[in-house]
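Below is one structure, written out as structure tokens; comments come after it.
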Amino acid sequence: QVQLVESGGGLVQAGGSLRLSCAASGRTFSRYLMGWFRQAPGKEREFVACISRSGGSTYHAASVKGRFTISRDNAKNTVYLQMNSLKPEDTAVYYCAARQGTTVQTMGSLYDYWGQGTQVTVSS
């Protein structure tokens, strides 16, 4: 089992940057494909990005491509989401998730473990 704890959220002005972190427990972190999702008030959960077990492959949603970057450090059991050029529409609770397997997945229902989320608010 994997426990995930997100951090790094906060309030930032439009155009600013934040870096989210997700720390995982256990010694099998490198066996999991990791993803970031977000959910804005009144909206469905949305895929943001995912990264392969080695970190060699990444996939970003079209809405964040070129602005957000997912990365991971397996030695630190941590996955990151660097968010630049933030927009008010990026305001949401951001969740990290872990999936046993190697195939890139954008569907949240296919992830096995979830963190509690961290709030990101972008003011205009």
Side-chain angles (χ1 to χ4, degrees):
Q1 193 169 357
V2 176
Q3 292 185 326
L4 304 173
V5 180
E6 301 97 334
S7 61
L11 174 64
V12 63
Q13 289 187 334
S17 298
L18 282 174
R19 188 176 82 156
L20 305 183
S21 299
C22 173
S25 64
R27 295 178 288 180
T28 60
F29 178 70
S30 60
R31 298 181 185 178
Y32 294 89
L33 181 147
M34 299 298 297
W36 284 99
F37 293 78
R38 66 186 182 184
Q39 188 166 21
K43 295 188 176 181
E44 293 187 354
R45 182 175 59 196
E46 175 187 21
F47 168 81
V48 176
C50 66
I51 187 166
S52 63
R53 295 183 299 179
S54 68
S57 297
T58 61
Y59 182 76
H60 297 79
S63 59
V64 305
K65 197 169 185 180
R67 300 189 298 121
F68 292 10
T69 303
I70 188 171
S71 63
R72 69 189 293 164
D73 185 338
N74 286 344
K76 295 182 177 180
N77 283 11
T78 302
V79 61
Y80 304 98
L81 185 68
Q82 178 67 44
M83 306 187 295
N84 299 328
S85 302
L86 283 160
K87 304 175 182 180
E89 51 263 45
D90 295 319
T91 295
V93 177
Y94 283 71
Y95 299 90
C96 72
R99 180 179 183 275
Q100 291 181 314
T102 59
T103 306
V104 167
Q105 286 293 349
T106 62
M107 294 178 60
S109 60
L110 295 178
Y111 283 74
D112 304 295
Y113 303 102
W114 292 82
Q116 84 289 348
T118 186
Q119 176 71 46
V120 171
T121 303
V122 184
S123 63
S124 57

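Hydrophobic clustering of Ile, Leu, Val, Met, Phe, Trp and Tyr side chains at less than 4.5 Å, counting indirect connections, keeps L33 apart from L4. Both F29 and L81 belong to a common hydrophobic cluster when Ile, Leu, Val, Met, Phe, Trp and Tyr are linked at side-chain heavy-atom distances under 4.5 angstrom. Note: the hydrophobic cluster containing M34 does not contain F37 (ILVMFWY, side chain heavy atoms under 4.5 Å, direct or indirect links). When hydrophobic clusters are built by joining Ile, Leu, Val, Met, Phe, Trp and Tyr residues whose side-chain heavy atoms come closer than 4.5 Å, directly or via intermediates, V122 is grouped together with Y94.
The ring pair (Phe, Tyr, Trp, His ring centres under 6.0 Å) analysis of residues 69-92, with sequence neighbours excluded, yields no pairs. The disulfide bond (SG atoms under 2.5 Å apart) contacts involving residues 41-77 comprise nothing, where partners must be two or more places apart or lie in separate chains. Applying the disulfide bond (SG atoms under 2.5 Å apart) test to residues at least two apart or on different chains, the pairs with a partner in residues 95-124 are C22-C96. Among residues at least two apart or in separate chains, side chain to side chain donor-acceptor pair (under 3.5 Å) pairs with a member in residues 97-114 are Y32-Q100.
Every residue two or more places apart in sequence or in another chain that forms a side-chain contact (heavy atoms from CB on, under 4.5 Å) with S7 is listed here: S21. When the ring pair (Phe, Tyr, Trp, His ring centres under 6.0 Å) test is applied to F68, no partner is found at least two apart in sequence or on another chain. Qualifying side chain to side chain donor-acceptor pair (under 3.5 Å) partners for Q39, counting only residues two or more places apart in sequence or in other chains: none. Applying the side chain to side chain donor-acceptor pair (under 3.5 Å) criterion to D90, with sequence neighbours excluded, gives R38, R67. Listed by chain and number, the residues in a side chain to side chain donor-acceptor pair (under 3.5 Å) with T121 are Q119 (sequence neighbours excluded). Partners of R72 under the salt bridge (Lys or Arg N to Asp or Glu O under 4.0 Å) rule, at least two apart in sequence or in another chain, do not exist in this structure. Residues that satisfy the side chain to side chain donor-acceptor pair (under 3.5 Å) test with Q3, not counting sequence neighbours, are absent from this structure. For the ring pair (Phe, Tyr, Trp, His ring centres under 6.0 Å) test, no residue two or more places apart in sequence or in another chain qualifies with Y95.
In this structure a side-chain-to-backbone donor-acceptor pair under 3.5 Å is present from E6 to Q116. Distance alone, capped at 3.5 Å, is enough to place a donor-acceptor pair between the H60 side chain and the I70 backbone.
Results of the side chain to side chain contact (heavy atoms under 4.5 Å, CB included) test with L86 over V64, T91, V12 single out V12 as the only residue that passes.
Interatomic distance, Q1 CD to T28 OG1, rounded to the nearest 0.5 Å: 10.5 Å. Here OG1 of T69 is found 11.0 Å from CE of M83. Values are rounded to the nearest 0.5 Å.
Taking each heavy atom of S124 and A14 in turn, the nearest pair found is CA-CB, 4.4 Å. Summarising the geometry of T78 relative to A23, their closest heavy-atom pair is OG1-CA, 4.2 Å, with the distance given to 0.1 Å.
Taking 4.5 Å as the limit, some side-chain heavy atom of S63 sits within range of a side-chain heavy atom of E46. Side chains of R53 and S30 form no contact here, defined as non-hydrogen atoms less than 4.5 Å apart.
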